[in-house]
Amino acid sequence: MTAQLIDGNALSKQLRSEVATRAQALKAKGVTPGLAVVLVGDNQASQVYVRNKVKACEDAGLHSVLEKYEASMTEADLLARVEALNNDPSIHGILVQLPLPAHIDAQKVIEAISPAKDVDGFHIASAGALMTGMPGFWPCTPYGCMKMLESINYDLKGKHAVVIGRSNIVGKPMALMLLQKNATVTICHSGTKDLKAMTLQADVIVAAVGKRNVLTADMVKPGAVVLDVGMNRNDEGKLCGDVDFEGVKQVASHITPVPGGVGPMTITMLLVNTLEAAERASN
Ligand code: NAP
């Protein structure tokens, strides 16, 4: 079997065009959805991420503001900026790019963002909303994974999903989203004794670890759907995921590539969340 690719670029293109159409409709009512991206310090990877996010907003007709600050910015000053953005009616979504410099308490900053503008979905109120099935913003990466499953019309009811990784931004929210769609969910982590025994039972596997070849072909049940969240570099310095793509695609029914899989979907879902924040604010 050779797995079908779930193309994150193609799906993103489709969803971003839907965002652009909805943004136009809002603009006609006098509301331009706005995202503020706050970057503190000069982390190279963060600079690339924020540039991509701002460009994606502009391409979809959303208003975006990039605020860049020196790494020496104080926590109090950053909290004051967040508060100002909370009160700015032209801004519907606020994203503070992580990681923050060590002298700033990232959780404190995230908690300072108004839950109504928490388009990253990292606020405790957003996490609580996801856990209880209430309306709120879902973290973009696992939300993108759910959209990828939806794009292949995958019915999760009664299926066994195995999530590898339990971070607050990917693994845990991913597990909750799968659970909400009636999958039976297993969460694996660095303390899991026999990962292969778990993954071999899975109809759906989400790998969100940050280590190459965490999932190899011998660990996958024939016909399983495999979503690869990982972002790593191979020996040639090229971007690769957590999954041994060449091997696993011989066994899985569907697989996401890296690059061109979950990555573009993460930014797309940020646009979706920002648009939804603006729609909610305008209602
Ligand atoms: P993280 O916070 O470092 O979490 C990694 C998780 O993997 C932890 O729960 C850890 O377990 C678990 N783990 C480590 N080694 C393991 C092993 N050998 N077997 C099973 N589980 C293991 O990372 P993250 O923020 O969730 O990100 C995970 C990966 O996704 C990274 O490569 C990151 O760059 C990528 N990512 C991609 C996107 C995207 O847009 N494509 C977005 C976010 C993240 P413990 O909890 O026990 O330590």
Side-chain angles (χ1 to χ4, degrees), residues 5-9 11-12 15-16 37 43-46 48-53 55-56 95-100 106-107 110 119-122 126-127 130 137-149 161-178 185-202 205-216 218-220 226-234 237-245 248 255-273:
L5 275 195
I6 310 179
D7 182 341
N9 284 324
L11 181 57
S12 282
L15 292 173
R16 289 183 199 197
V37 179
N43 180 302
Q44 290 297 311
S46 294
V48 176
Y49 296 150
V50 297
R51 229 181 293 136
N52 290 344
K53 287 168 186 174
K55 183 173 182 311
L95 181 157
V96 178
Q97 185 66 41
L98 301 178
L100 286 168
Q107 198 55 42
I110 290 166
V119 288
D120 247 346
F122 295 167
S126 303
L130 171 59
F137 293 110
W138 284 7
C140 301
T141 301
Y143 191 9
C145 290
M146 293 304 285
K147 284 284 170 191
M148 292 180 115
L149 290 174
V162 170
V163 179
I164 319 175
R166 57 170 164 185
S167 71
N168 289 337
I169 62 169
V170 189
K172 280 187 215 157
M174 183 79 251
L176 287 168
M177 288 173 201
L178 293 162
V185 183
T186 300
I187 307 177
C188 300
H189 46 79
S190 66
T192 299
K193 278 225 171 71
D194 188 350
L195 183 61
K196 181 175 169 179
M198 298 297 145
T199 57
L200 274 175
Q201 296 174 37
I205 304 172
V206 182
V209 174
K211 286 181 187 159
R212 283 157 59 187
N213 297 331
V214 155
L215 191 76
T216 48
D218 58 313
M219 299 167 75
V220 178
V226 176
L227 307 182
D228 190 353
V229 178
M231 286 200 309
N232 313 294
R233 295 275 162 195
N234 67 15
K238 278 194 178 160
L239 191 63
C240 68
D242 290 346
V243 174
D244 169 23
F245 182 80
V248 172
I255 189 168
T256 65
V258 179
V262 176
M265 290 300 293
T266 296
I267 298 191
T268 299
M269 300 325 291
L270 175 69
L271 302 182
V272 169
N273 278 349

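For the numbers below, each heavy atom of this structure counts, side chains included, while hydrogens, waters and symmetry mates do not. First listed ligand is number 1; within each ligand, the first listed atom is number 1. All figures in this text were calculated on a predicted structure; none of them were measured in a lab.
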Just by distance, do the side chain of Asp228 and the backbone of Asp242 share a donor-acceptor pair under 3.5 Å?
yes
Looking only at the side chains, is there a donor atom on one of Asn168 and Lys172 sitting less than 3.5 Å from an acceptor on the other?
yes
Test your reading of the model: is there a side-chain donor-acceptor pair from Thr192 to the backbone of His189, 3.5 Å cut-off?
yes
Could you tell me whether ligand 1 has any atom less than 4.0 Å away from a heavy atom of Val229?
yes
Which one of Lys211, Met231, Met174, His189 has a non-hydrogen atom at the shortest distance from atom 34 (O) of ligand 1?
Met231
Among Thr256, Val209, Val214, Thr266, which residue places a heavy atom closest to atom 3 (O) of ligand 1?
Val209
Please identify each residue that fulfils salt bridge (charged side-chain N to carboxylate O under 4.0 Å, His left out) with Asp218, with sequence neighbours left out.
Lys196
Sole residue of Thr199, Leu200, Leu215 in side chain to side chain contact (heavy atoms under 4.5 Å, CB included) with Val220:
Leu215
Tell me: protein heavy atom nearest atom 47 (O) of ligand 1, and distance?
Ser190 OG, 2.5 Å
Check residues 259-270 and write down every donor-acceptor pair under 3.5 Å in which the side-chain atom is one partner and the other belongs to a residue at least two apart or another chain.
residue : atom : partner : partner atom : Å
Thr266  : OG1  : Thr141  : OG1          : 3.0
Thr266  : OG1  : Val262  : O            : 3.3
Thr268  : OG1  : Ser12   : OG           : 2.9
Thr268  : OG1  : Arg16   : NE           : 2.8
Thr268  : OG1  : Arg16   : NH2          : 3.2
Thr268  : OG1  : Pro264  : O            : 2.9

Who gets closest to atom 44 (C) of ligand 1 by heavy atom: Ile164, Leu98, Val170?
Val170
Work out which heavy atom in Ile169 is nearest to a heavy atom in Pro139; give both atom names and the distance.
O-CB, 3.8 Å
Nearest heavy atom to atom 26 (O) of ligand 1: which of Pro139, Ser167, Gly165 does it belong to?
Ser167
For atom 9 (O) of ligand 1, closest protein heavy-atom neighbour
Arg166 N, 2.8 Å
Best match, Gly263, Gly241, Cys140, Gly210: closest heavy atom to atom 29 (C) of ligand 1:
Gly210
Which atoms of ligand 1 are found less than 4.0 Å from any heavy atom of Ile169?
25 (O)
What's the shortest distance from atom 42 (C) of ligand 1 to any protein heavy atom, and which residue and atom give it?
Thr141 OG1, 3.2 Å
Does ligand 1 have an atom under 4.0 Å from some heavy atom of Gly171?
no
Asn273 side chain to Val119 main-chain N or O, any donor-acceptor pair under 3.5 Å?
yes
Determine, using heavy atoms of Thr192 and all atoms of ligand 1, whether some pair is separated by less than 4.0 Å.
no
Validation row: Val162, Val206 side chains within 4.5 angstrom (heavy atoms)
no
Using a strict cut-off of 4.0 Å, indicate which atoms of ligand 1 neighbour a heavy atom of Ala208.
5 (C), 6 (C), 7 (O), 28 (C)
